Undergrad: 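One structure, as structure tokens, below. Some questions next.
These numbers come from a predicted model, not from an experiment. Just the heavy atoms: all of them, side chains too, but no hydrogens, waters or symmetry mates, feed the values below.
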Amino acid sequence: MATVKEEDSITEKILAIAKKNPKGISDKDISAAFPELSPADRVTAINALLQQGSFDLYNQGGALIYRLKAASSKQAVKGADNEEKVVYNLIEEAENKGIWIRDIRRRSNLAMTQLNKVLKSLESKKLIKAVKCVNASKKKVYMLYNLEPDRSISGGAWYQDQEFESEFVDILNRQCLRFLQQRADKIKNNPRGPIFGRTQSYATAAEVQKYIADLGISKITLDVEDVITILNTLVYDGKAESSVYPDGSRVYRAIESLIPAPGLVQVPCGVCPLVYNCCPTGLVNPQDCSYMTEWLE
Amino acid sequence: MSHQLGSLVSEILNRHFGEIVQKVGDDLFSFGARPVAAIAKTTEIPRIKVVESLRTLLKYDLVTFEPSKNEVVADYKIVPDNILLLMRYPRYLLQIKSKHGSEAEMIVEEVLQRGCVTATNLLVTLARKYKDDREKNISIVSLKDMFISLATAGYLQQAAVAEVKEGEGGEVPTMVAVATIVPELDARTLVLAMNEGAEVTDNIYWKVNFDRFHQDFRDEIMIDAMTRRIDENAGELMRHLLMQVYLNTPPWAASSTPVPALQLKESARRGATERPLLAQFVDHYLRVMEENGCGFVRRSGDASGGQFVVQMQRAAKETVYALLEHTVNERLGSNAARIFRLIRDKKYIEEEDIRKHAMVPNKECKELTYKLMEHHFISVQPMRKAASGGGLVKAIYLYYINLHETAHTARELCYRACHNGLRRAAAARRAHARLLDKQRRVRSVVHSMRVREDPQQHIARVEETITPPERQLIQSVEKQLKQLSTAEIELDKALFILHWYFMYKDN
Ligand code: SF4
């Protein structure tokens, strides 16, 4: 027999299959999509699902068909008390944006201790889950167990377990720049004129997305929106400019700063953290400053 | 005028004119306009020395004077901006040399050194100086022609003349600017003056017109920027445009008088052999420059094939931003520069949104934003949200860039860096004064021996008085000094950009 944990994953997989086929699935469909499942395990899993009320059972032409119940019609809180039902409904309403515990309390008029108990019990039944919100690390929101949190909650592609992956962003930033730079020179001395050259040096977000996908550096698939976010960081880095084509799609082009590094940043004082404490008569002074000495070596 | 500027000015005066002039300058800087007696009193320098210093400073336009209240004595006032220009002298020479050749350089150098000088005097001195120099082969006639073309091009101008107002009882003259009239110089009189020292009455004084050079520098910046952003052809087109602008617009107008595209096409066609692509695609280049050129150029009308305006003020602003972005980047790192640019782009932005767009981890983002504030690169504006329903009033903080202030910060930073560099150089010179002095003496002895054509042996013996370790030390000190003066020139370029920006009052 499968352990409890495995059982969970089996039921999840079956649910996933069922989700893909809203018309319903038969035993055959399940074993086709999920061949390593033994018949015995399948039966237990399906029974559990039927018990939970996730499936409706139909008889179609002699074969048994399981169909996923519409979420709202699910009697998820079977055997639960009224409080649980109210809370469950509130959470369900919030969909994948989730709902904050304070809002639940306000709207359900439950006392904090009681609400906590209810939430615990729903959580232990795997009906709901608590998700940490990326832009407020202390804030937790509740949503139905089988939902994928909204971008605004999970942070989308840039977050792994609510942690911002700055390295990943940096790598993508650099790769995007490389891609743009490869064609940036097309505008220069183009024999067919600068307007043509400019078009050649532009890249659409979709092109960049394809390039990134082909590189295979990202485990998850990035959609065009994600790539635009990255391309915009390049614009804010001053390394690219963006423009809009007549058809509304954004295009990007690698550029250089208007001026080369100015004198101010070529001397130690321009980048010196002590510059505001430095004075000819002070302890930190230009006459025997070691930054200067090093630079003059 | 800031304290930083004061110490920089003081350091420059020291470098060029020595300690006494420096003290007089300091005094004028801290007390504003005042008469000789007052200067002598606070500085405790003998009156005669003070007068001497003031004369030096006046010669180079580093101080001005005006009648004091009682109209009998003059009040002297320091002009820090002109003192800063002393750092730019090498650049003026380089510029004129690359544009008009080494004869022009000689003339400008001589005028810079003397402050102001009459044409005859200038030309005769120069011609005498190089009379024996066969290599350069300089004649007074060619010098005269060069002088005239420099005056015509506006690099030299007539100095202001002193005028005593009649009937007001005052004895203090006022300096009145005069319009420059390109002189007719008679070659024969000049040759006579040179060979026989004949007296020539010439009382028109000339000086260098820095402003004309500054226009050149500004044009170079704009041309380079277009070259970097688009390509050399665009840079060249910018040059054509600016040439027209030079003719039709006052030099520092915020934006130029429109230039017809036809004229640009014409000049591009003339340069077709060198830049065939530009000649072929003038229209395309104009369009790309308008759309991707940071707003340096704007189409102002469609009459006769299009009219184009150069937006100088806009260009100054963009260039200053580029300078600031570099500065933030080097001082606080690339993520800070990203935030800086983001704030510029959004004009006013909340902290929350900065994080979202900049894609920088939460904590770092906060830290950098505060650092940017601390260094006065950005500013913050608290706003009260209208009390919504619950009566919870939440203040939001909007970050923005006050370009004027930020540019000010950068300028102060430049002053500091310049000042420190000068200090360092002075310290190095002082520390090795004995050695540098020795070297100078040896050099001059060797030089005169060479002229006398003394035997090589003797010369070698004199040269050997500098021991190898000494020579090494000298070399390293000289290298350091050179590096410091290069840095000074580079810093001055940054100051120029900032100065250009501050020139437009309504930024
Ligand atoms: S002299 Fe040295 S300590 Fe002073 S500001 Fe420059 S680098 Fe910094």
Undergrad: Side chains of B:His432 and B:Ile474: does their closest heavy-atom pair fall under 4.5 Å?
TA: no
Undergrad: At a heavy-atom separation under 4.5 Å, does B:Cys418 approach chain A through its side chain, its backbone, both, or neither?
TA: neither
Undergrad: Indicate yes or no for a side-chain donor-acceptor contact from A:Arg105 to the backbone of A:Ala111 under 3.5 Å, with no hydrogens or angles considered.
TA: no
Undergrad: Pick one of side chain, backbone, both or neither for B:Asn335, based on which atoms fall under 4.5 Å of a heavy atom in chain A.
TA: neither
Undergrad: Taking the six-membered ring of B:Phe496, is NZ or CZ of B:Arg88 closer than 6.0 Å to its centre and within 45° of its axis?
TA: no
Undergrad: Heavy-atom distances under 4.5 Å only: say whether B:Ile497 touches chain A with side chain, backbone, both or neither.
TA: side chain
Undergrad: Salt bridge check, B:Arg344 against B:Glu318: does any charged N sit closer than 4.0 Å to a carboxylate O?
TA: yes
Undergrad: Against A:Leu177, only a single residue in A:Leu172, A:Leu234, A:Ile230, A:Leu231 fulfils side-chain contact (heavy atoms from CB on, under 4.5 Å); can you say which?
TA: A:Leu234
Undergrad: Which of residues 485-493 of chain B have a heavy atom under 4.5 Å from any heavy atom of chain A?
TA: B:Ala487, B:Glu490, B:Leu491
Undergrad: Side-chain donor-acceptor pair under 3.5 Å between B:Glu412 and B:Thr409, yes or no?
TA: no
Undergrad: Indicate yes or no: at least one non-hydrogen side-chain atom of B:Glu232 is less than 4.5 angstrom from one of B:Arg275.
TA: yes
Undergrad: Tabulate, in ascending numerical order, the residues of residues 181-197 of chain A having at least one heavy atom closer than 4.5 Å to a heavy atom of chain B, or enter 'none'.
TA: A:Ile187, A:Lys188, A:Asn189, A:Asn190, A:Pro191, A:Arg192, A:Gly193, A:Pro194, A:Ile195
Undergrad: Please identify, among B:His419, B:Lys479, B:Glu364, B:Glu291, the residue contributing the most non-hydrogen atom pairs under 4.5 Å to chain A.
TA: B:Glu291
Undergrad: Measure distances from B:Glu325 to the heavy atoms of chain A and classify the residue's part below 4.5 Å as side chain, backbone, both or neither.
TA: neither
Undergrad: At a 4.5 Å cut-off on heavy atoms, which part of A:Cys278 comes close to chain B: side chain, backbone, both, or neither?
TA: both
Undergrad: Return the option, out of B:Asn233, B:Asn292, B:Leu323, B:Asp345, with the maximum number of heavy-atom pairs under 4.5 Å with chain A.
TA: B:Asn292
Undergrad: Counting heavy-atom pairs under 4.5 Å to chain B, which of A:Arg198, A:Met292, A:Gln266 comes out on top?
TA: A:Arg198
Undergrad: For B:Lys371, which atoms come within 4.5 Å of any heavy atom of chain A: side chain, backbone, both, or neither?
TA: neither
Undergrad: Between A:Glu256 and chain B, which part of the residue has a heavy atom less than 4.5 Å away: side chain, backbone, both or neither?
TA: both
Undergrad: Is there a donor-acceptor contact under 3.5 Å from the side chain of B:Gln480 to the main chain of A:Leu296?
TA: no
Undergrad: Please classify the contact between A:Asp288 and chain B as side chain, backbone, both or neither, with a heavy-atom cut-off of under 4.5 Å.
TA: backbone
Undergrad: Hey, does A:Cys289 have a side-chain heavy atom less than 4.5 Å from the side chain of B:Arg424?
TA: yes
Undergrad: Name the member of A:Asn173, A:Asp170, A:Val267, A:Thr233 that forms the most heavy-atom pairs with chain B at distances under 4.5 Å.
TA: A:Thr233
Undergrad: Parallel under 30°, tilted from 30 to 60°, perpendicular over 60°: which one fits the rings of A:Tyr276 and B:His375?
TA: tilted
Undergrad: Side chains of B:Tyr399 and B:Leu372: closer than 4.5 Å at any heavy-atom pair?
TA: no
Undergrad: Please examine the side chains of A:Ile228 and A:Tyr252, heavy atoms only from C-beta on, and report whether any two atoms are closer than 4.5 Å.
TA: yes
Undergrad: With a 3.5 Å cut-off and no angle check, do the side chains of A:Ser201 and A:Arg253 form a donor-acceptor pair?
TA: no
Undergrad: May I ask you to name which of A:Val235, A:Val275, A:Asn232 has the most heavy-atom pairs under 4.5 Å with chain B?
TA: A:Val275
Undergrad: May I ask you to test the B:Asp231-B:Tyr285 pair for a side-chain heavy-atom distance under 4.5 Å?
TA: yes
Undergrad: Could you look at A:Val169 and say if it's the side chain, the backbone, both or neither that has a heavy atom under 4.5 Å from chain B?
TA: side chain
Undergrad: Between B:Ser10 and B:Gln22, do the side chains contain an N or O donor and an N or O acceptor separated by less than 3.5 Å?
TA: yes
Undergrad: Select one option (side chain, backbone, both, neither) describing which atoms of A:Pro268 are under 4.5 Å from chain B's heavy atoms.
TA: neither
Undergrad: Below 4.5 Å, heavy-atom pairs only: which of A:Ser166, A:Cys272, A:Ser257, A:Cys269 has the largest tally toward chain B?
TA: A:Ser257
Undergrad: Are the side chain of A:Gln287 and the backbone of A:Pro280 linked by a donor-acceptor contact shorter than 3.5 Å?
TA: yes
Undergrad: Is B:Glu274 close to B:Glu236 at the side-chain level, that is, under 4.5 Å between some pair of heavy atoms?
TA: no
Undergrad: As an exercise: rank A:Pro273, A:Ser243, A:Pro262 by heavy-atom pairs under 4.5 Å with chain B and give me the winner.
TA: A:Pro262
Undergrad: Salt bridge or not for B:Asp224 and B:Arg228, using N-O below 4.0 Å?
TA: no
Undergrad: Under 4.5 Å from any heavy atom of chain A, what part of B:Tyr415 do you find: side chain, backbone, both or neither?
TA: neither
